[in-house]
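Throughout, residue positions are numbered sequentially from 1 according to the sequence presented.
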Amino acid sequence: MAETTRITVTLPSALVEILKKSTDNVSGFVAEAVAERVRHDLLGEELRLYQEEYGAFTEEELAEARAEIFGELDADADTTLRGRLERPR
């Protein structure tokens, strides 16, 4: 088991209500969300450093990355995040 440290955080009441309805393990949920944010920030920094050394990603590289992450999309499909989320499954 990983070492843990107990802390106190203050959240908006409405968010706490939603959180408690979403999980029985609030600490685990918050720990997972924080870990995801840390990974996101670290990846962003690595991508920034890569582009600093090798130049900006091309549109082709970005399209390939999006296809790898989100799957192949039709040319006519709405490729915005909102479009992907609103698209019926």
Within 6.0 angstrom of D41 CG, more than 12 heavy atoms from elsewhere: yes

Does R37, at its CZ atom, have more than 12 non-hydrogen atoms belonging to other residues, nucleotides or ligands within less than 6.0 Å? no

Are any side-chain N or O atoms of E45 and backbone N or O atoms of L42, one a donor and one an acceptor, separated by less than 3.5 Å? no

How many angstroms lie between atom CD of E32 and atom CG of N25, to the nearest 0.5 angstrom? 9.5 Å

To the nearest 0.5 Å, what is the distance between CD on E61 and CZ on R66? 11.5 Å

Test item: L49 and E52 side chains (from C-beta on) under 4.5 Å apart, heavy atoms: yes

Consider only side-chain heavy atoms of I, L, V, M, F, W and Y, link residues closer than 4.5 Å, and tell whether [X] and [Y] are in one cluster.
X	Y	value
F57	L43	yes
V9	L19	yes
L47	F70	no
I18	F29	no
V30	I7	yes

